[in-house]
Amino acid sequence: MDQLESVSRFRANEIRKQLGLSAFEPIDIIKTLQENEDVSFVLKPFSSGISGMFLRLEATEVIALNSSRTVGHQRFTAAHEYYHLCFDQGMTVGMCFAGKSEQENAREREADRFAADLLMPTDGITASLLKRTRGEREITIDDVVHLEQKFGVSRMAMLVRLRQLNMFTEREFVDMKERQVIRTAKILGYSTALYQATREETVFSSYAEKAKTAHELGHISEGRYRQLLLEAGLADLLYGEEVETTETV
């Protein structure tokens, strides 16, 4: 186990403990981070091909996801961006291509490996495979589909993870990579939503709720309330219109 793998696994395990998760169970990363870590999420189609970005706004942490990418890729990107929020404290904003096969930047490689460890924990993958194969046969494409559905990740993310864990050879990896993703899932009766883009424009955030409560309790003015929404980049997404920072008579 190299240093990157060792550090990544340790950090992912610590985050799982912090979130109250075992080393075996799947994680609904967006829901979990929103509810437990108060991370805000903005989902919208990006004109560029980036996977997503993270942003710090004073006490608010925001992860933006490209909803023109598949659901599985969005989930991996969420975990990737969360790495930056947790461990790159000096960075206030960053755009990423999560899961890129050849990440040139070391921090991006670390974020990808962390995302893999967080979403697809070694113990969880191993236990799931042993339950299916009983250690008596080789891993098949049916097993791969089962795992990606269980852990909510893309086909490529799961294949790369299994290769990292030496679950099969490079030749088997290439062979499984060539299988049709949606067709193999349909044959087994699984939903194909994981492999498709949502293209939604949605905001998941407690930031707006907190600002609204403060305004209703009289702690902040109407102008300050609108300013807070603008600073978080949430106003136009929540209300579908621009909100001016100055009040009119």
Side-chain angles (χ1 to χ4, degrees), residues 1-41 51-56 61-65 69-91 94 96-103 105-131 139 143-144 146-168 173 194 204:
M1 184 184 299
D2 61 27
Q3 184 176 7
L4 172 59
E5 181 181 355
S6 178
V7 172
S8 172
R9 184 175 298 182
F10 173 79
R11 285 177 166 173
N13 287 339
E14 289 300 299
I15 291 296
R16 278 187 157 264
K17 291 177 184 177
Q18 178 180 312
L19 296 173
L21 299 166
S22 73
F24 298 89
E25 62 188 299
I27 173 176
D28 185 335
I29 185 68
I30 296 177
K31 181 179 180 181
T32 298
L33 294 184
Q34 182 197 355
E35 294 181 351
N36 296 283
E37 296 298 294
D38 205 18
V39 175
S40 297
F41 283 89
S51 301
M53 62 183 294
F54 70 94
L55 178 67
R56 300 181 204 273
E61 297 178 326
V62 180
I63 291 177
L65 303 175
R69 307 297 292 270
T70 68
V71 171
H73 188 80
Q74 290 176 38
R75 289 170 53 82
F76 190 89
T77 301
H80 174 110
E81 303 298 352
Y82 188 56
Y83 172 88
H84 291 306
L85 289 177
C86 287
F87 303 108
D88 288 332
Q89 295 299 322
M91 297 176 65
C96 306
F97 294 88
K100 190 176 178 180
S101 58
E102 294 295 333
Q103 295 278 22
N105 185 284
R107 300 303 289 172
E108 295 303 294
R109 290 196 299 271
E110 292 169 14
D112 273 351
R113 189 54 190 256
F114 170 84
D117 281 315
L118 184 64
L119 297 179
M120 299 167 279
T122 303
D123 290 344
I125 295 292
T126 302
S128 295
L129 283 175
L130 284 176
K131 185 176 180 179
I139 299 173
D143 298 319
V144 176
H146 169 79
L147 289 173
E148 67 201 26
Q149 287 283 333
K150 178 175 181 177
F151 291 96
V153 297
S154 68
R155 172 69 51 81
M156 184 55 66
M158 183 53 69
L159 289 177
V160 170
R161 182 62 171 153
L162 292 172
R163 185 69 185 102
Q164 288 174 342
L165 297 176
N166 295 315
M167 296 293 188
F168 46 54
F173 170 81
L194 186 64
F204 301 108

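- In terms of heavy atoms, D123 sits closest to A23 at CB-O, 3.5 Å.
- Across A115 and H80, no two heavy atoms sit closer than the pair CB-N, 3.7 Å.
- Side-chain contact, Q164 with E5: no donor N or O sits under 3.5 Å from an acceptor N or O.
- In this structure, the separation between CZ on R161 and CD on E148 is 15.0 Å, given to the nearest 0.5 Å.
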side-chain contact (heavy atoms from CB on, under 4.5 Å) evaluation trace for D117 with R11
CA-CA 9 Å; D117 281 315; R11 285 177 166 173; over 6 Å; no
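- The CZ atom of F76 lies 9.0 Å from the OG atom of S51; values are rounded to the nearest 0.5 Å.
- Taken to the nearest 0.5 Å, the CD1 atom of I15 stands 11.5 Å off from the CG atom of N36.
- Note: R56 CZ to D88 CG = 7.5 Å, rounded to the nearest 0.5 Å.
- Remark: I29 CD1 to L119 CG distance equals 5.5 Å, nearest 0.5 Å.
- The side-chain hydrogen bond (donor to acceptor under 3.5 Å, both in side chains) analysis of residues 25-35, with sequence neighbours excluded, yields the pairs S22-E25.
- In this structure, E37 and L19 have side chains that are in contact, with non-hydrogen atoms separated by less than 4.5 Å.
- A donor atom on one side chain and an acceptor atom on the other are not found under 3.5 Å apart for R75 and T70.
- Closest approach of I30 and A78 over heavy atoms only: CG1-CB, 4.2 Å.
- Across M120 and I125, no two heavy atoms sit closer than the pair O-CG1, 3.9 Å.
- For E81 against G94, the heavy-atom pair with the smallest separation is OE1-O, 4.5 Å.
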Self-check item: Chi angles and distances behind the side-chain contact (heavy atoms from CB on, under 4.5 Å) call for L118, Y83
Solution: CA-CA 10 Å; L118 184 64; Y83 172 88; over 6 Å; no
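- When all heavy atoms of L159 and V144 are compared, the pair lying nearest together is CD2-CG1, 3.8 Å.
- In the model, S128 has no side-chain atom that pairs as donor or acceptor with a side-chain atom of H146 under 3.5 Å.
- Put simply, CZ on F114 and CZ on R107 are 11.5 Å apart, with the number rounded to the nearest 0.5 Å.
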Please walk me through it: do M156 and H73 pass side-chain contact (heavy atoms from CB on, under 4.5 Å)? CA-CA 9 Å; M156 184 55 66; H73 188 80; over 6 Å; no
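- Side-chain contact between L162 and L129 is present, with at least one heavy-atom pair separated by less than 4.5 Å.
- By the 30° and 60° cut-offs, the orientation of the rings of F54 relative to H84 is parallel.
- Comment: R113 does not engage E110 in a salt bridge, judged by the lack of any side-chain N to carboxylate O separation of less than 4.0 angstrom.
- In F173, the CZ atom is crowded: over 12 heavy atoms of neighbouring residues, nucleotides or ligands sit closer than 6.0 Å.
- Contact of the F204 side chain with the V39 side chain is not registered, since no non-hydrogen atoms from C-beta on lie closer than 4.5 Å.
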